[in-house]
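Scroll down for the structure; my scribbles are underneath it.
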2 protein chains.
Amino acid sequence: MADKAKVTIEDVARAVGVSRQTVSRVINKGPNVKESVREKVEEAIARLGYIPNLSARRMGGGRSFLILAVNDRQRTLENWQAGRGNDWVDQMLYGGMTECEKEGYHLVFELIDTDPQLAPVQLSNSIASLRPDGIILTPPHSDNEELARMLTNRGIPCARVGRSAGTDYVDVFMDENAAAAEAVRHLLRQGHSKMAFLAGSPEYGSSQKRVEGFRKALQEAGLEVEAGVVAKANFQFDTAAELLLEMLDAPDRPTGIIADNDEMAFAALHVADKLSLNVPDDLAIISFEDTPGVRFSVPPLTAIRQPTSEMIARACACLIDISRGKDAVGSYELPFRLIERATTGPRQPAL
Amino acid sequence: MADKAKVTIEDVARAVGVSRQTVSRVINKGPNVKESVREKVEEAIARLGYIPNLSARRMGGGRSFLILAVNDRQRTLENWQAGRGNDWVDQMLYGGMTECEKEGYHLVFELIDTDPQLAPVQLSNSIASLRPDGIILTPPHSDNEELARMLTNRGIPCARVGRSAGTDYVDVFMDENAAAAEAVRHLLRQGHSKMAFLAGSPEYGSSQKRVEGFRKALQEAGLEVEAGVVAKANFQFDTAAELLLEMLDAPDRPTGIIADNDEMAFAALHVADKLSLNVPDDLAIISFEDTPGVRFSVPPLTAIRQPTSEMIARACACLIDISRGKDAVGSYELPFRLIERATTGPRQPAL
DNA sequence: TGCTATCTTGTGAACGTTCACATACCCGAA
DNA sequence: TTCGGGTATGTGAACGTTCACAAGATAGCA
C-alpha cells in the first residue's frame with residue numbers, strides 16, 4: 001500500500017466515489033462535509049497511504065507549509081569554521097523542527113548577510129524560490145526594521161526572535177534585564193559585595209539590557225556604583241582573559257564575575273586557575289548562554305539558560321497559526337532559568 | 001525591481017520577446033540556445049529579479065531542488081532534551097547547507113524512528129510530501145538496508161553516511177579502523193606501552209571498527225594483547241567513570257586512554273582528577289569526536305576529528321550531481337585528523 | 001405544499017514550471 | 001537547386017492541488 005508511489009488526491013476520490021474537492025476539504029479540515037463522507041475519505045486516505053504533495057498544494061492554494069529560519073551568515077560561518085560550533089543553530093533546529101513537525105510543516109534554514117545592501121536581496125530570492133508561509137528573523141536580523149517591513153509588504157508573516165520592541169509583528173524574547181538582575185541577586189545572597197559584568201558587544205541589544213539589569217540590581221541592593229564593574233570583552237576568550245588577568249590581580253578585586261557568554265566565562269575559569277584563585281571559594285562565576293560544554297568545565301559553570309529552542313518553537317507556532325488565518329501577532333516573553341552548578345557557592349571569608 | 005513580487009518566467013519571456021521554453025532553457029543551462037538570445041534572457045532575468053518558483057519547477061519537471069537529511073529521532077531528541085546538544089546535527093547543517101546553497105538547492109532535516117516498522121512509513125510520508133531529489137541517511141539509518149532499497153525502488157538517489165559497505169549507493173565515510181590505529185601510534189610514540197580503549201556500543205559499526213584498529217595497531221607494534229584493554233561504557237559519562245575508577249586505581253593501570261566519544265573522555269579527566277593523576281604526565285587521553293567543548297576542558301582534549309560536515313557536504317554534492325544526470329554513485333573515504341591538544345604529551349617516567 | 005436559506009458536493013480554471021513534440025531555421029553536400 | 005540533418009525556437013499538455021463558482025440536496029418555515 002504505502003509502497004505504491006504517487007497516490008494522488010484523485011486516487012482517493014475515485015476510491016471513495018466523491019470528487020477531488022471533497023477529499024481536499026477533508027484534508028484541510030474544511031467545513032461542510034457530511035460526517036459519514038468524511039469518515040469514508042479518511043479511511044481511504046489511510047488505506048491508500050495518501051500524502052498530499054506539498055508542491056502541488058503550494059501551486060494550487062498558496063500555502064507552502066514551509067517556515068524559513070534566517071540566520072546571520074557571517075557569524076554562523078565563522079563559528080563553524082573556527083570549530084566553535086553553533087549551539088544557537090542547534091537549539092533553533094530543536095525548537096523549530098519539533099514544532100513544525102507537529103503541525104505538518106517543515107523548517108528550512110538559510111544564512112543571509114547582515115550587509116544592508118545584500119540582506120533584502122538575499123531574503124527576496126529565498127522567498128521567491130521557496131515561498132514560505134512564515135519567516136523567522138534572529139539577531140541581528142531581528143533588529144533590521146527594513147527586512148520586517150519588506151516581509152509585511154509582501155504579506156509574509158514574520159517573527160522576530162530576541163527583541164521586545166514591536167507590536168506589528170510576532171516578537172519572541174526573554175527578559176535580559178531581569179536575568180542579569182537575577183544573576184546579581186544570586187551572588188549577593190551568597191555574600192558577594194563586589195562583582196564585575198563581563199559584557200559582550202554593545203551592538204547586541206541583549207548585551208545592553210544585561211548591563212542595565214546588572215546596574216539596577218546593584219543599586220536596588222543599596223550598593224555603590226563602584227561595587228559593579230562593567231568591562232567589554234567582545235564575547236572573546238582572549239580579550240576576556242587579558243582583561244580579567246589585570247582585574248583579578250588587584251587588591252580590591254571583584255569576587256564575582258558575570259559573563260555575557262560561555263566563552264568569556266571559560267576565560268574567567270582559566271584566569272582563576274592561573275592566579276591560583278579557587279572557584280567558587282575565592283571567585284564565583286556565572287555565565288549567560290549555557291552551551292552543552294559548560295557541564296564539563298572544571299568546575300561546571302553556573303549559568304543562565306536562554307530559552308532558545310522555546311523561543312523558536314513559539315515563533316513557529318505563531319507563524320503557523322497566522323498562516324491558518326488566526327491572529328497570533330503579539331509579543332511573547334519566555335522565562336529564563338538560572339542553573340546552579342559548581343562555580344557559585346557560599347562566599348568563604350578571605351584568610 | 002526586485003521588490004515587485006511574483007515575477008514569472010512568462011514575464012521574462014515577454015520582456016525579451018521569446019517563449020517561456022527558451023527562458024526555461026537558459027535557466028537550466030540547456031543546449032540549443034543562440035548565444036545572443038541567452039545573453040538577452042540573462043540580462044532580463046537579472047533586471048526583473050526573476051527567481052524560479054521551486055514548487056512550480058517540481059510540478060512541471062520532477063526536480064524539487066530539495067535534499068532531505070534523515071536523523072535518528074530518538075537519539076537526537078534525547079540529546080537535546082538532556083541539554084547535551086547535537087554537535088553532529090550542527091555539523092550536518094554546516095556541511096549540507098553550504099553545499100546545497102552553492103548549487104541552488106535547499107536542505108531539509110527530518111527525524112525518523114529507528115523502529116523497523118515505523119522507519120519506512122515515516123520516510124515514505126516525508127518523500128511523498130516533499131519529493132526530495134536525494135536523501136541522506138545517517139547512522140544508524142545508514143545501516144538499514146531496507147530503507148536504502150526502498151529509496152532505490154522509488155528512484156530516489158540515496159547517500160549513506162558512516163558506512164563503507166556498498167556499491168549501489170553513494171557511501172561516504174572515514175576510515176575508523178585507521179583512526180584508532182593512529183591514536184594508538186600517537187600514544188606509542190610518546191612512550192606509552194599499556195593503554196585502554198573505552199568503547200561505546202557494539203551496535204555502532206564505527207565502534208567495532210575502532211576496536212579492531214586499536215588491537216591491530218598494538219599487535220603491529222609487537223605488544224602483547226594484554227597491553228590493550230577494551231572496556232565497553234556505552235558512550236556514557238557515568239558508566240565510563242565507574243569503569244575507569246576501578247581500572248586506574250590498579251597497580252598495573254594503563255597510562256593511556258582512548259575514548260570512543262568526548263563524553264567518556266571527560267569522564268576520564270574527571271577520574272584522573274579524583275585519583276590525583278596528572279594529565280598528561282600520569283595519564284594521556286585521546287577522544288574520538290571533537291565537539292566544540294573539548295577546547296575548554298582542563299586540560300584541553302587531544303582528539304580525532306571526524307569529518308562530519310565534509311561527509312555531509314560530499315553526500316549532498318553527489319546527490320545533486322545524480323539529480324542532474326551525472327553518475328556519482330560510489331564510495332568516498334574522507335580523511336580524519338588527530339588534533340593534538342594538552343591531554344597527550346611525552347610520557348614522564350613514574351617516580 | 002412550496003419556497004427560501006443553508007448545507008453539501010462537483011466542475012472548470014488557475015498556479016508556474018518542464019516535457020514531448022512540432023516547426024522553422026541554417027549550413028553543407030549531392 | 002534540392003535535400004538532409006543538426007540547431008534553434010515555439011506550442012499544447014501535464015504535474016497535483018486549491019479556488020471560485022455553480023448546482024444539487026436538505027431543512028426550515030409559512
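Given the structure is predicted, the values throughout are model-derived calculations rather than measurements. Convention: sequence-line order gives letters A, B, ...; per-chain numbering from 1.
The interatomic distance linking A:R14 (CZ) with C:dT9 (P) rounds to 19 Å, in whole Å. Per the geometry, CD1 belonging to B:I9 stands 5 Å off P belonging to C:dT17, to the nearest Å. Between the CZ atom of B:R131 and the P atom of D:dG16 there is a distance of 7 Å, rounded to whole Å. A straight line from CG of B:L54 to P of C:dC15 spans 19 Å, rounded to a whole angstrom. The CG atom of A:N53 sits 18 Å away from the P atom of D:dA14 (whole-angstrom rounding). With rounding to whole Å, A:K40 atom NZ is found 14 Å from C:dT8 atom C1'. Put simply, NZ on A:K34 is 15 Å from C1' on C:dT6, counting in whole angstrom units. Summarising the geometry, the separation between CD1 on B:I51 and P on C:dT17 is reported as 11 Å, rounded to the nearest angstrom.
More than 12 heavy atoms of other residues, nucleotides or ligands shown are found within 6.0 angstrom of CD on B:E35.
B:S331 places no side-chain N or O within donor-acceptor distance of the main-chain N or O of B:V172, the cut-off being under 3.5 Å. Although no hydrogens or angles enter the test, the distance criterion places a donor-acceptor pair under 3.5 Å between the side chain of B:D90 and the main chain of A:N86. Without hydrogens or angle criteria, B:D11 side chain to B:T8 main chain gives a donor-acceptor distance under 3.5 Å. Of the possible donor and acceptor atoms, none in the side chain of A:R58 sits under 3.5 Å from a partner among the backbone N and O of B:S55.
B:R63 comes within 4.0 angstrom of no nucleic acid atom, judged by non-hydrogen atoms across all strands. Note on A:G60: a base of the nucleic acid sits closer than 4.0 angstrom, heavy atoms only. Residue B:N32 is in base contact, counting any heavy-atom pair closer than 4.0 Å across all strands shown. Residue-level contact check: A:P31 touches neither bases nor backbone, having no heavy atom under 4.0 Å from any strand.
Judged by atom type and distance alone, A:R25 does not reach the base of C:dT8 through any side-chain donor-acceptor pair under 3.5 Å. Side chain B:R20 to base C:dT18: a donor-acceptor pair is found below 3.5 Å.
Each end of the helix from C:dT1-D:dA30 to C:dA30-D:dT1 gets its own axis, taken as the rotation carrying the C1' atoms of four end pairs onto the next four within a five-pair window, and the two axes meet at 50° to the nearest 10 degrees.
Using modelled atom types and a 3.5 Å distance limit, the side chains of B:R154 and B:S124 yield a donor-acceptor pair. B:W88 and B:N71 are linked by a side-chain donor-acceptor pair at a separation below 3.5 angstrom, with hydrogens and angles left out of the test. A donor-acceptor contact closer than 3.5 angstrom links the side chains of B:Y105 and B:R63.
Toward the 5' end of DNA chain D, the nearer of the two residues B:R58 and B:E35, judged by each one's closest nucleotide, is B:E35.
Distances from the side chain of B:V18 to the nucleotides D:dG10, C:dG10, D:dT17 place D:dG10 closest. For A:R57, the listed nucleotide lying nearest its side chain is D:dT17; candidates were C:dT18, C:dG10, D:dT17. Here C:dT17 is the nucleotide among C:dT17, D:dA8, D:dT18 with the atom lying nearest to any side-chain atom of B:Y50. Side-chain proximity of B:Q21 to the nucleotides C:dT17, D:dG16, C:dA20 is greatest for C:dA20.
Checked against B:V23 for a side chain to side chain contact (heavy atoms under 4.5 Å, CB included), the options B:V33, B:N28, B:V18 give a single hit: B:V18.
Between C:dT9 and A:T22, no contact under 4.0 Å exists linking OP1 or OP2 to a side-chain N or O. Between B:N28 and C:dT18 there is a side-chain polar atom (N or O) within less than 4.0 angstrom of OP1 or OP2. OP1 or OP2 of C:dT18 lies within a sub-4.0 Å distance of a side-chain N or O belonging to B:S24.
Salt bridge present: A:K102 and A:E99 bring a charged side-chain N and a carboxylate O closer than 4.0 Å.
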Below 3.5 Å between N/O atoms, which protein atoms pair up with nucleotides 24-27 of chain C? Just atom names and distances, please.
none

Test side-chain contact (heavy atoms from CB on, under 4.5 Å) on A:F173 and A:S142 and set out the steps. CA-CA 11 Å; A:F173 58 96; A:S142 42; over 6 Å; no
